Amino acid sequence: MVNPIPESVKRVWDNWNIRGIILFSLFLQTILILFAPFRKFTANRLMIMLIWSAYLLADWAANFAVGLIADSQRDNQASMPEKSDLLAFWAPFLLLHLGGPDTITAFALEDNELWIRHFFGLVFQAIAAVYIFLLSLPRNKLFIPTILTFAAGLIKYFERTCALYLASFDRFRDSMLQEPDPGLNYVKIMEEYASRIEAKIPTKIFMLPEPTRKPIFNDTDILTKDGKLDDLDVVHCACYFFKIFKGLLVDIIFSYRERDESRHFFYDRKSEEAYRIIEVELNLFYETFYTKVEVIRSATGYIMRFLSFGSVVVALSFFHLNVEKHGFDNFDVRVTYILIFGAICLDTIALFMLVFSDRTFAALKKTDHESKSSGRKKSGMATALGWFFALKRPRWHACPHKPDCKVLATHFLLRRWSGSFSGQNLIRYCLKGRPTRVHKVKSYLHLVIEKFIHYADTFISTAGKIVGFLHIRKVITFLGPICRKVINFFVSKFNQVIHCLPNRKVITFLGPICRRVINFFVSKFNQVIHCLPNRKVIPVFPIDKIIYCLRLKSNRFINSLGIIDFVNEILYVSHEPLSQDLWSFIFDELKKKSEYEIDTVTARRISLTRGDWIFEADSESVCNENFKSVRNDLKPYIAENAFDKGLLLWHIATELLYQTDGDSNYNEKEFSQLLSDYMLYLLIMQSGMMSAVAGIGKIRFRDTCAEAKQFFESKTVASDKEIKKACREILWVDTFAKPAAVKGDRSKSLLFEAAMLAKQLNKLDQKSKWKLISKMWVELSSYAASHCDARSHAQHLSKGGELITFIWLLMSHFGLGEQFQINNDQGRATLIVGK
């Protein structure tokens with residue numbers, strides 16, 4: 001029988017398997033420490049897949065290398081003792097690799113629950129490393145550096161196991177629980193009360209209110225001269241509220257004190273300040289559940305890190321100065337140096353990341369105003385590192401197409417979350433149209449080029465003044481505008497191409513171009529044929545039919561693989577940067593709700609509203625004669641439907657009105673369209689996050705899409721370029737009776753029921769209509785935010801974050817939710833003697 005693996009391949013594998021795997025393991029550690037932080041500020045699937053692959057392969061490579069070393073030690077012990085010593089020295093480095101970098105301990109929340117598996121992995125890998133070391137005895141030249149590296153590896157692996165244990169939900173919940181409170185001795189008080197009654201002593205039970213507690217912040221301490229929070233204030237506030245509200249993730253209840261303190265603090269803040277605080281808070285949530293920060297940032301953690309780093313440095317010194325290299329393979333010595341310096345570099349990078357983290361800034365106690373009030377000098381470290389935190393401040397840039405609108409455009413490497421939210425449009429999806437964007441942000445390259453042109457122009461004008469007596473000035477004056485126009489031309493064209501390819505939709509972009517090119521050449525060929533005698537005209541090439549057939553076949557293939565949602569997210573989901581106006585609008589709407597005197601019942605009631613709040617407490621803001629006339633007609637579309645049905649109804653109605661509303665320019669119109677697409681994206685593409693309220697949303701969505709496609713085919717609406725026509729055709733359909741009364745209840749399509757809602761909304765004037773719709777979408781988004789599972793909010797922090805998570809935390813800070821269940825009228829009872 002022929003050997004399927006050639007002997008040359010076997011020899012290469014035998015010689016290089018351990019070296020290759022151990023270097024590959026070091027390479028994976030480098031990938032993880034550098035790129036793992038990217039997943040908190042990008043939703044890019046390619047980046048997340050890269051990190052996921054490296055995360056899985058890192059443990060496999062280290063475990064596999066330990067097994068290879070253990071297997072080869074028995075062969076090398078007698079024949080190659082020097083190589084046996086080096087292999088025993090390499091094994092502890094694999095423990096270091098299994099400990100992983102500080103930037104990632106868990107890829108998903110579920111990994112934290114597997115801390116027991118990692119603990120047993122620590123035990124068995126440590127036993128394997130000891131076994132390898134014992135095989136190299138008694139004449140091991142690298143005895144001391146091996147022991148030192150082994151100690152460092154144990155510490156690193158133990159850190160990871162502890163981080164997973166502390167981030168597991170059961171342990172995290174236990175850490176948030178306070179000491180049990182049995183209350184006053186009820187039996188003793190009743191006995192005393194009964195004895196006084198028997199003695200005919202007039203006695204009353206009186207409830208003493210609990211003593212008030214001074215809040216950690218007040219306006220005189222937290223505000224600077226101009227009334228704004230500086231960078232360090234933002235971090236201090238975020239860390240303080242994080243310590244309180246991290247209990248949200250494990251369903252801890254809060255008292256009225258915590259509610260009132262947070263509510264009053266955020267009520268006095270501006271929307272941008274609130275955004276910055278919540279952004280830092282969510283970053284702290286991410287670090288707690290996905291990194292080693294909870295282990296490292298403690299006295300024990302600092303000692304362990306110092307010991308592990310020092311052990312590797314001492315091992316390097318001993319290996320370089322005291323170990324005779326004669327007899328060792330030169331390449332193996334180089335590999336050893338690579339492993340040692342790699343471990344030192346990884347720890348150094350981790351140290352820099354630790355120094356420039358939010359928690360380090362939170363430890364800087366003395367800011368400017370605190371220093372002045374206490375008479376002490378400002379922290380020198382606060383001054384030295386303050387510039388870095390200023391770089392991480394959110395940047396709002398003007399939208400190129402709407403200069404009066406500012407969108408979030410913080411640099412990629414300085415973000416704390418993705419800064420954008422996704423969207424899906426039902427009508428455009430049915431027309432197989434590419435997603436569009438309301439706002440566009442200039443790429444970082446574009447901004448750099450603009451800066452370069454600005455400085456170049458300044459330099460040219462300055463140089464022209466200096467050398468004004470020379471003819472060069474004329475040349476510079478002539479060439480300057482030309483060069484600037486040429487560069488701007490190429491930059492604009494480049495950005496047009498980039499904007500045409502969101503999410504790398506190359507196929508969607510090239511399809512129409514290829515079709516036009518083919519049809520062009522076929523038509524020209526037919527013209528040539530017509531000019532020939534006895535011509536036989538070739539019909540125009542049916543490229544559209546072929547593309548349709550290919551798309552049909554590809555859809556069936558994708559469905560068979562079960563990745564239809566994955567493909568649809570790539571092809572039909574848009575990504576919008578968060579605009580400053582939209583965030584301010586959401587903030588103001590939630591702030592209005594918090595203005596009411598809120599007790600636990602009211603807070604719960606507000607969190608349960610799905611639009612009916614607009615018709616009750618907030619009706620004055622949209623109230624006019626037209627609104628009063630359609631108020632009763634709109635009520636059935638709000639609170640009487642399931643959440644998923646209401647969301648789809650309002651999404652379709654919003655899109656129909658948005659496309660047929662002419663050129664009206666209201667901010668509320670834009671807010672409505674953005675939130676509408678975003679909520680549909682969450683319902684369909686993130687059904688796990690919306691599981692508590694999703695219902696049969698996917699079934700309704702599929703049935704509605706089927707009816708919409710059928711209707712568009714009957715009206716010869718073929719592409720998304722005719723989306724306005726498609727929406728007008730839907731609104732022109734006579735809807736005298738509800739669709740369910742005609743078609744029955746088997747189909748869950750909501751297309752024409754939504755058209756009925758749109759017609760009712762059209763009875764309002766333009767301003768009132770879009771104000772009502774925008775408020776409705778804030779109601780729906782806040783309802784979904786408060787009813788999403790807290791774990792799902794934490795899960796999406798490792799995938800770029802979601803806008804709905806910001807809304808969820810903002811609602812909690814305003815005291816809106818079901819987690820506040822201790823009223824301020826609960827105190828301690830005492831007996832009072834009186835008449």
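We count residues from 1, following the sequence as given. Reckoned from all heavy atoms, side chains included, excluding hydrogens, waters and symmetry mates. Since the structure is predicted, the reported quantities are computational estimates derived from the model, not experimental observations.
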[atom1]-[atom2] distance between [X] and [Y], expressed to the nearest 0.5 angstrom:
X	Y	atom1	atom2	result
Leu680	Trp650	CG	CH2	15.5 Å
Ile804	Gln686	CD1	CD	10.5 Å
Met689	Cys788	CE	SG	5.0 Å
Tyr240	Phe245	OH	CZ	9.0 Å
Ser781	Met776	OG	CE	10.5 Å
Met47	Phe38	CE	CZ	5.5 Å

Backbone of [Y] reached by a side-chain donor or acceptor of [X] within 3.5 Å:
X	Y	answer
Ser574	Gly423	yes
Thr704	Leu750	yes
Thr654	Gln673	no
Glu576	Val438	yes
His787	Tyr783	yes
Trp583	Ser271	yes
His793	Leu249	no
Asn112	Ala106	no

If we only count heavy atoms from C-beta on, is the [X] to [Y] side-chain gap below 4.5 Å?
X	Y	answer
Val280	Phe241	no
Ser262	Ile244	no
Lys593	Glu779	yes
Thr436	Arg428	yes
Ile684	Tyr429	no
Tyr572	Tyr681	no
Leu757	Ile652	no
Lys799	Ser418	no

Arg276 and Glu273 ion-paired at < 4.0 Å |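 No salt bridge links Arg276 with Glu273.
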Ion pair present between Glu589 and Lys775, side-chain N to carboxylate O less than 4.0 angstrom?
->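 Looking at Glu589 and Lys775, the cut-off is met.
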Side chains of [X] and [Y], donor plus acceptor under 3.5 Å:
X	Y	answer
Trp417	Thr805	no
Tyr678	Glu802	yes
Asn283	Asp358	yes
Asp765	Ser768	yes

Steps toward side chain to side chain contact (heavy atoms under 4.5 Å, CB included) verdict (Leu426, Leu648) | CA-CA 9 Å; Leu426 186 143; Leu648 281 167; 4.3 Å; yes
Can you name the closest pair of heavy atoms from [X] and [Y] and give their distance?
X	Y	answer
Trp396	Leu578	CZ3-O, 3.5 Å
Ala758	Leu731	CB-CD2, 3.8 Å
Cys727	Ile427	SG-CG2, 4.3 Å
Met811	Ser786	CE-CB, 4.0 Å
Ala737	Met756	O-SD, 4.3 Å
Leu751	Ala708	CD2-CA, 3.7 Å

Derivation and outcome, side chain to side chain contact (heavy atoms under 4.5 Å, CB included), residues Val742 and Phe736 | CA-CA 10 Å; Val742 178; Phe736 298 111; over 6 Å; no
Aromatic contact, Phe806 with Phe587 (centres under 6.0 Å) |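 Centroid separation for Phe806 and Phe587: 6.0 Å or greater.
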Test side-chain hydrogen bond (donor to acceptor under 3.5 Å, both in side chains) applied to Tyr286 and Lys40, Glu281, Arg416, Arg39, the passing residue =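 Exactly one pass, corresponding to Arg39.
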List the steps and the verdict of side chain to side chain contact (heavy atoms under 4.5 Å, CB included) for Val693 and Leu647.
-> CA-CA 10 Å; Val693 294; Leu647 191 150; over 6 Å; no
Do Arg269's NZ or CZ and the ring of Phe265 fall within the cation-pi criteria of under 6.0 Å and 45°?
->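 That pair qualifies as a cation-pi contact.
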Given Thr288 and Lys246, is the side-chain hydrogen bond (donor to acceptor under 3.5 Å, both in side chains) satisfied, shown in steps?
-> CA-CA 10 Å; Thr288 298; Lys246 64 182 180 180; over 6 Å; no
For Met679 and Leu682, run side chain to side chain contact (heavy atoms under 4.5 Å, CB included): C-alpha distance rounded to whole Å, both residues' side-chain angles, the deciding distance at 0.1 Å, then the answer.
-> CA-CA 5 Å; Met679 292 305 297; Leu682 291 178; 4.1 Å; yes
Answer yes or no: are there more than 12 heavy-atom neighbours, outside Lys591 itself, under 6.0 Å from its atom NZ?
->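 More than 12 within 6.0 Å, yes.
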